[in-house]
Amino acid sequence: MALDRYLKGDDDRRVLERKMKAEGRLPPGQALTLKWPVLHAGAVPEFDPQTWDFRAGGLVETPIDLSWAAFSALPRTDVTSDFHCVTRWSRFDNRWSGVAFREILARVRPKAEARYVMVLGHVGETRYGYQTNVPLADLDRPDVLLATHHDGVPLEPDHGYPLRLVVPHLYAWKSAKWVRGLIFMAEDKAGYWEKAGYHMYGDPFLEQRFS
Ligand SMILES: Nc1nc2c(c(=O)[nH]1)N[C@H]1C(S)=C(S)[C@@H](COP(=O)(O)O)O[C@H]1N2
Ligand SMILES: [Mo]
């Protein structure tokens, strides 16, 4: 019966939530979700593999502009990680696959002055309409991924197809969907939600929700 399933589902959810809390994996003020909510500004963009590109520039030795074919030829890796949205849901053990952020760093070679990155993604058809700032050190980690797949299948359009950033240790607004570029910067600068009052860093375990 539908109602039984619903109750059983909620029971599973609570059991898992207690487990994650006991293991120190549930940040304060968060609830575990077994579903995967969708959250973004604007419409879901169209993907055209002929015109799509991924650019990285600013304070780097070698700016890049990769076509979809070139991006797809980069070495791939898998990462299992947790995902914490500032609207108070957390989704655990997501199996992402894609290109390690460090593959990009190895190609662009950030200059010594580069300390922050503005990550650029779509708002609707505007390819750099979404921006979010992350310290370079927080992207230079083995679990930071430019993901094409989740739990073994290509990302749904709603979740960022064809490519999204995943920064597991910061609130999920830093994990830009439909990502198209990076600007390496010397100073920190507020992005889309940060300008609206979201925290410049966004550590979920410190509840850095708003500035
Ligand atoms: N391009 C873009 N990426 C974005 C957003 C957005 O509005 N635009 N929202 C962020 C927020 S607030 C969250 S919680 C996550 C949600 O990812 P999901 O919809 O796959 O759960 O995407 C992030 N990435
Ligand atoms: Mo979010």
Side-chain angles (χ1 to χ4, degrees), residues 13 20 25-48 51-56 68 71 79-99 101 117-134 138-139 143-183 189-211:
R13 194 197 69 76
M20 292 303 165
R25 289 171 62 185
L26 185 73
Q30 297 291 110
L32 178 146
T33 179
L34 296 171
K35 299 179 185 142
W36 190 7
V38 168
L39 264 167
H40 55 258
V44 174
E46 293 288 323
F47 169 54
D48 177 357
T51 57
W52 187 95
D53 69 353
F54 182 84
R55 297 184 188 190
W68 180 245
F71 191 91
V79 172
T80 298
S81 60
D82 302 339
F83 196 66
H84 309 293
C85 174
V86 71
T87 63
R88 300 184 181 274
W89 53 267
S90 292
R91 196 178 191 284
F92 289 85
D93 291 321
N94 299 277
R95 286 191 300 117
W96 303 102
S97 43
V99 174
F101 198 88
V117 178
M118 192 66 88
V119 181
L120 309 173
H122 278 258
V123 172
E125 296 306 320
T126 306
R127 65 184 165 168
Y128 305 141
Y130 189 77
Q131 312 188 343
T132 188
N133 50 309
V134 185
D138 288 88
L139 296 170
D143 60 347
V144 176
L145 205 64
L146 288 158
T148 59
H149 288 64
H150 177 271
D151 286 349
V153 293
L155 291 168
E156 292 291 329
D158 273 358
H159 288 299
Y161 178 82
L163 188 70
R164 78 175 302 161
L165 181 65
V166 180
V167 187
H169 68 289
L170 299 178
Y171 278 125
W173 83 79
K174 303 287 185 182
S175 293
K177 302 196 276 193
W178 314 294
V179 66
R180 291 293 298 272
L182 308 168
I183 302 174
K189 256 182 73 176
Y192 185 95
W193 291 116
E194 293 83 4
K195 279 183 197 158
Y198 282 36
H199 200 277
M200 289 293 272
Y201 184 65
D203 182 335
F205 287 91
L206 299 178
E207 281 204 79
Q208 293 177 336
R209 299 175 190 276
F210 308 104
S211 299

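One-based numbering, in listed order, for ligands and for the atoms of each.
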Quick check: closest heavy atoms across Arg91 and Lys35, and the distance to 0.1 Å?
NE-O, 3.2 Å

Quick check: do Arg55 and Arg127 have side-chain heavy atoms less than 4.5 Å from each other?
yes

Please tabulate, line by line, the atom pairs linking an N/O of ligand 1 to a protein N/O at a distance below 3.5 Å, with the distance in Å to 0.1, or answer 'none'.
residue  : atom   : partner : partner atom : Å
ligand 1 : 1 (N)  : His122  : O            : 3.0
ligand 1 : 1 (N)  : Lys177  : O            : 3.0
ligand 1 : 3 (N)  : Lys177  : N            : 2.9
ligand 1 : 7 (O)  : Ala41   : N            : 2.8
ligand 1 : 9 (N)  : Leu39   : O            : 3.4
ligand 1 : 17 (O) : Arg164  : NH2          : 3.1
ligand 1 : 19 (O) : Leu39   : N            : 2.9
ligand 1 : 19 (O) : Lys177  : NZ           : 2.5
ligand 1 : 20 (O) : His159  : ND1          : 2.6
ligand 1 : 20 (O) : Arg164  : NH1          : 2.6
ligand 1 : 21 (O) : Trp36   : NE1          : 3.0
ligand 1 : 21 (O) : Pro37   : O            : 2.8
ligand 1 : 22 (O) : Arg164  : NH2          : 3.3
ligand 1 : 24 (N) : Ser175  : O            : 3.1

Applying side-chain contact (heavy atoms from CB on, under 4.5 Å), can you list everything that pairs with Pro162, at least two apart in sequence or on another chain?
Phe47, Trp52, Trp68

Residue pairs involving residues 192-207 (criterion salt bridge (charged side-chain N to carboxylate O under 4.0 Å, His left out); sequence neighbours excluded)
Arg88-Glu207, Lys174-Glu194, Glu207-Arg209

Just grab all the side-chain hydrogen bond (donor to acceptor under 3.5 Å, both in side chains) pairs involving residues 156-167, residues at least two apart or on different chains.
none

Mind running side chain to side chain contact (heavy atoms under 4.5 Å, CB included) on Ser90 and Asp82 for me, showing each step along the way?
CA-CA 7 Å; Ser90 292; Asp82 302 339; over 6 Å; no

